[in-house]
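These notes are about the structure you will find just below.
Note that this is a predicted model, so its numbers are computed, not measured. In listed order, ligands and their atoms are each counted from 1.
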Amino acid sequence: MRTLLSALAATTLLAGAAQATAIYPLDRATILVSSPFDFKIELDAVHPEEEIAVTVNGKPYAETFGTKADYVAEEKGKDDAVLGSALILRDLALAEPGSYTVEVRAGDETRTVTWEVYATPAAPKARNIIFFVGDGLSVAHRTAARIMSKGMTEGKADGRLAMDDLDHMAFIGTSSTHSVATDSANTMSAYMTGHKSRVNALGVYADRTPATQDDPKVETIAEALRRTTGKSIGVVSTAEIEDATPAAVVAHTRKRGEKADIVGMFHDIRPEVMLGGGSAYFLKSDIPGSKRKDDSDYVAMFREAGYTLATNAAELDAARGSDAERLLGLFHTGNMDTKLDRSFLHQGTVGKFPNQPGLVEMTEAALDQLSKNEEGFFLMVEGASIDKMSHPMDWDRAVIDTIEFDQAIASARAFAETHPDTLIVVTGDHTHGVSVIGTIDDDKPGDEMREKVGTYDAAGFPNYTDADGDGYPDRIDVSRRLAIFSSNFPDHYETWRPKMDGPFEPSVQNEKGEYVANEAYKDIPGAVLRVGNLPKSADTAVHAVDDVVLQATGPGAEEFKGYMEQSDVYRVLVDAFALGAPRN
Ligand SMILES: [Zn+2]
């Protein structure tokens, strides 16, 4: 019966009334009480203002929203094409929790959305939150990191990762508003705002106009903390600090690539601690290495705002022991090198940036600094190269960075032992299509590397050692190593060997602009051409749609369970901090 009715309703809609293009926030949005957001209606046709009727829970919308929206008669798209009329109301905030059904009618266009506006408990559960994001962190990364770091005997792990013992767990859906697939911008933005969005978007719903910074905004966690608390904010990443994942803590743009502008957005919020790479977007355009196109000198501007600057591990160490008010660490013009290159192989750009701190040192420096604030803090820590090395299928670099990420989690757990009012969350922003399937054993007979892949019983166990007990294998190029494969790939040469000379570059562009196998690996003994299963526009492996595993411990962690949408995670964070507590 119900099916029949909704089928009838759908037919009526099709016959009698066109769906208006969009209402933002989208249907089923969940919104923190009193949190500012932009409301927008996009209509498919041009309508005079008096023809557009908008109601909220059946009453004219201005009664509920307190004010009228701006009317745009003709929104323009590419080449000035008219897209239709629009209504925009910026910085709307709803102070009453409850269900809000917004209905628009304009001529024959109609659309309805329902939002849930939620409050939080009156009392905070946690003083501090440490939010760990392993970019691209998938189950295979954890499994490989555990085996490589701790070893395995008779099928049982010889030790546990720090992330193995976080007591609450959920599966997280990472899909974006316009696609099952996803990137680090919209995924991290969902965690940091409570709203899902479109690929490449940060802190906004992606609207139809070409301008990238006029899209309907939603509040970031950094803004919510500034609006409601005196807590400190920290952002730590091994990527450029203005890269999508760290940027999502503060940014509003449809286009994650607007990195110079994102530095300005960091300056608006001024997190008490910012540590990572990406100095190229802080330097004014005439400084060598700058990627800015203007004269803004953000290094000077952050200094003027009270920041102590560190550009290498020694300076970070010195700043850590000082009474610095705010801390800005920029350790690379671009993304920082991987742990494998920084500490062991000295490849990549380590020759140019020899003294980069690691994720553990950066996390500990951030905790030292942020814990000076009696009111507590929110710290985001990203292990970025788990993703950045999974794209080119450089599994050793991705897994060694997973071990480093785990050691940063161990530091946070040690901090939480003396600060039990700390919620620790560990998750990925999205997954990769990666699996551990067995081992590769150089001592198997023959020259064909493919025949050295051990599966099932023939896999046995890898022979990594950790004689110095630092948690990292002493060598990655052991004779029996983990066999880790990607489910998706461009054309490339499979070598079945660790990439000792620097990060793997599987494909290169040909004269037609297609990505083809990089011949640099062709003559490695046993290398075999593997024909890609992705479009030839793909230069590397891509993100997977598979769920992410989230784990958490500390006050509030019990709210993580079962399957959750990425945007639901935000609600657990703001609940723990009581950011939507009734105010008087
Ligand atoms: Zn990625």
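Cation-pi contact between K339 and Y472: present, with separation from the ring centre below 6.0 Å and deviation from the ring axis of at most 45°. Both the sub-6.0 Å distance and the 45° axial angle are not jointly satisfied by K231 relative to the ring of F378.
Evaluation of the ring-ring contact (aromatic ring centres under 6.0 Å, His included) rule for F331 yields no partner, not counting sequence neighbours.
The residue from N200, T187, N186 that alone fulfils the side-chain contact (heavy atoms from CB on, under 4.5 Å) condition with S176 is N186. Among the candidates I130, V572, L573, L166, the single residue satisfying the side-chain contact (heavy atoms from CB on, under 4.5 Å) test with V425 is L573.
Protein N/O/S atoms found under 2.8 Å from the Zn ion (ligand 1), listed by chain and residue number: D387 OD1, D387 OD2, H391 NE2, H543 NE2.
With no hydrogens or angles considered, no side-chain donor-acceptor pair links D568 and T30 at under 3.5 Å.
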